[in-house]
Amino acid sequence: MQTISKKSTKKSWAGAIAQPAKEFPLTQLSILSGKIPDGLRGTLYRNGPARLERGGNRVGHWFDGDGAILGVHFTDAGATGVYRYVQTAEYQAETEADRFLYGVYGMHPPGPIWKRWSQQIKNAANTSVLALPDKLLALWEATNPYSLDLQTLETKGLDNLGALDNGLPYSAHYKHDAQTGEIFNFGISIGSSVQLNLYKSDRTGKIIQKTAFKLDRYSIMHDFVLTQRYLVFFMPPMRMKMLSLLLGVTTFSESLLWEPQLGTQMLIFDRENLSLVSRGETDAWFNWHFGNGYEDKDGSVILDMVRYADFHQTNEYLTEFATGETHTVTKGTLWQVRLNPQTGKVIAIQEVVNRKCEFPVVQQSQVGQPWRYTYLSLMPQRGNIDKEWFGAIARFDYKTETITEADLGENRYPSEPIYAQDAQNPDQGWVLTVVYDANSHSSEVWVFDSDRLDAEPVCKLRLPSVIPHSFHGTWNPASQFKNNC
């Protein structure tokens, strides 16, 4: 009798995360097409979950995968690439045991429930990177970052930046002010109370000022906005089932409750002294990421973000994503918000891109300043938003209210687009993205002219192994810190 095999319902994007990623040492990259622009000099770094399975078991959520960093160095001699796992203490212990040993965001540690009561969580070091003059930080959410070598990506160890005592958390979404060199970040700690910790660092990353603000409940705040005078936070209407989490009954992810009747809370702080300026409430929504923010001439704060109707749908989608097969429908779109920072009141809010998108970024020199373009990962018009991953990158122009799109073609999936300013011409820029091509099961780096995003890439580079879908990256210009030294 003939056996009819069941057809897989997994989409082609799942090939990038089907197997743990393979590291490669510093390697000269071959050019597949075009040429490297003469003014593209510096390093593209990317971070993301690279191992979603160990010992035959799968992680519980995409956020749980072990972090690995990709570095692509552009020099006069060409481009070289290196890809390495962040050698956290937990990664090394699990590698030696060949099984999961720790709980993370969406999974329990193995064993009986009582073992969960005092078990440490794993620092996955998988979310973003911060390039400093003498080191690269692999950023996560819940504890100290890990320090790596800028060139080789060799892991140096945990780094408390001079003030992250007792494992204080340091978020993945710092803001670097190119005008002043200051770096701002935050972290949420849970103890006898829930605290929002605010940090100000100098250009080396050393924390020179910090404060803690007590919150009335726990909510996911993954990102924030920096303007010329303020730090702006939006706290979605959420609570945590704290007891069930502490008893090990639920994972961190499962303990989060969506309570839209609470409304979204705004917290606005003075960036000079980190004191609270105002707080207010607005409609219920959830957002992971902001693009940028600044203050208009009348003192209003204008910002943009990718907004979702609720938390559970986007969180469930990301849970399913780790399996390579998604069923939950979720759609985040780009919105612009205008608010009064002195009163904490929203003045106006409007949707500006009504297509599924994520990972909004701006040119680094414009963080906290007026800007024209927001770059995005975008669902192409041909895409099935229920099951597919982003297949395009785009630039939204606030001046003309138009979107310029680079559709990568069938079964090709870009990472978050990163803007790189040309080293020779400040008016010229490039957009870099790491592409997983499921047609050939390979990964490439594509370089676009930022003003011709809908044209062919000016350069494509082949990477030695498949790079799984990643979260966040940065461009580190060869001369980034020259003016501050």
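Note that the coordinates shown come from a computational prediction; the quantities given were computed from them, not determined experimentally.
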Answer yes or no: is there an ion pair linking Asp397 with Arg372, defined by an N-O contact shorter than 4.0 Å?
yes
Ring centers of Phe321, Trp13 separated by less than 6.0 Å:
yes
Taking the ring of Phe234 and the ring of Trp335, is the distance between their centroids below 6.0 Å?
no
Would you call Arg338 and Asp296 a salt bridge, taking side-chain N to carboxylate O under 4.0 Å as the test?
yes
Closer than 3.5 angstrom, by distance alone: can the side chain of Thr264 be matched with the main-chain N or O of Trp285 as a donor-acceptor pair?
yes
Does either side chain, that of Asn144 or that of Asn160, offer a donor lying less than 3.5 Å from an acceptor on the other one?
no
Parallel, tilted or perpendicular: which describes the rings of Phe74 and Trp475, with under 30° parallel and over 60° perpendicular?
tilted
Under a plain distance cut-off of 3.5 Å, with no hydrogens placed, do Glu351 and Thr333 share a side-chain donor-acceptor pair?
yes
Taking atom types as modelled, find out whether Trp371 and Gln369 have a side-chain donor-acceptor pair closer than 3.5 angstrom.
no
Test your reading of the model: is there a side-chain donor-acceptor pair from Gln195 to the backbone of Leu215, 3.5 Å cut-off?
no
If you measure only the distance, is there a donor-acceptor pair under 3.5 Å linking the side chains of Glu388 and Tyr413?
yes
Tell me whether Lys331 is salt-bridged to Glu358, with the criterion being a basic N under 4.0 Å from an acidic carboxylate O.
no
From the options Ile183, Val367, Thr474, select the one residue that forms a side-chain contact (heavy atoms from CB on, under 4.5 Å) with His176.
Ile183
So, Phe184 versus Tyr199, ring centres under 6.0 angstrom or not?
no
Pair Asp449, Trp430: side-chain N/O donor-acceptor within cut-off below 3.5 Å:
no
Glu416 and its side-chain contact (heavy atoms from CB on, under 4.5 Å) partner, picked from Phe471, Phe390, Phe359:
Phe359
Between Phe186 and His173, is the gap from one ring center to the other below 6.0 Å?
no
Pick from Trp288, Trp258, Tyr105: which one makes a side chain to side chain donor-acceptor pair (under 3.5 Å) with Asn315?
Tyr105
Check the side chains of Thr328 and Glu320 for a donor-acceptor pair under 3.5 angstrom, ignoring hydrogens and angles.
yes
Taking NZ, NE, NH1 and NH2 as the nitrogens, is one of them in Arg271 or Glu182 under 4.0 Å from a carboxylate oxygen of the other?
yes
Do Glu295 and Thr227 have side-chain atoms, one donor and one acceptor, less than 3.5 Å apart?
yes
Asp270/Arg229 ion pair, N-O < 4.0 Å
no
Full working for salt bridge (Lys or Arg N to Asp or Glu O under 4.0 Å) between Asp437 and Lys460
CA-CA 12 Å; Asp437 189 342; Lys460 294 181 182 179; over 6 Å; no
Parallel under 30°, tilted from 30 to 60°, perpendicular over 60°: which one fits the rings of Phe396 and Tyr398?
perpendicular
Can you see whether Asn197 engages Ser189 through a side-chain donor-acceptor pair at a distance of less than 3.5 angstrom?
yes
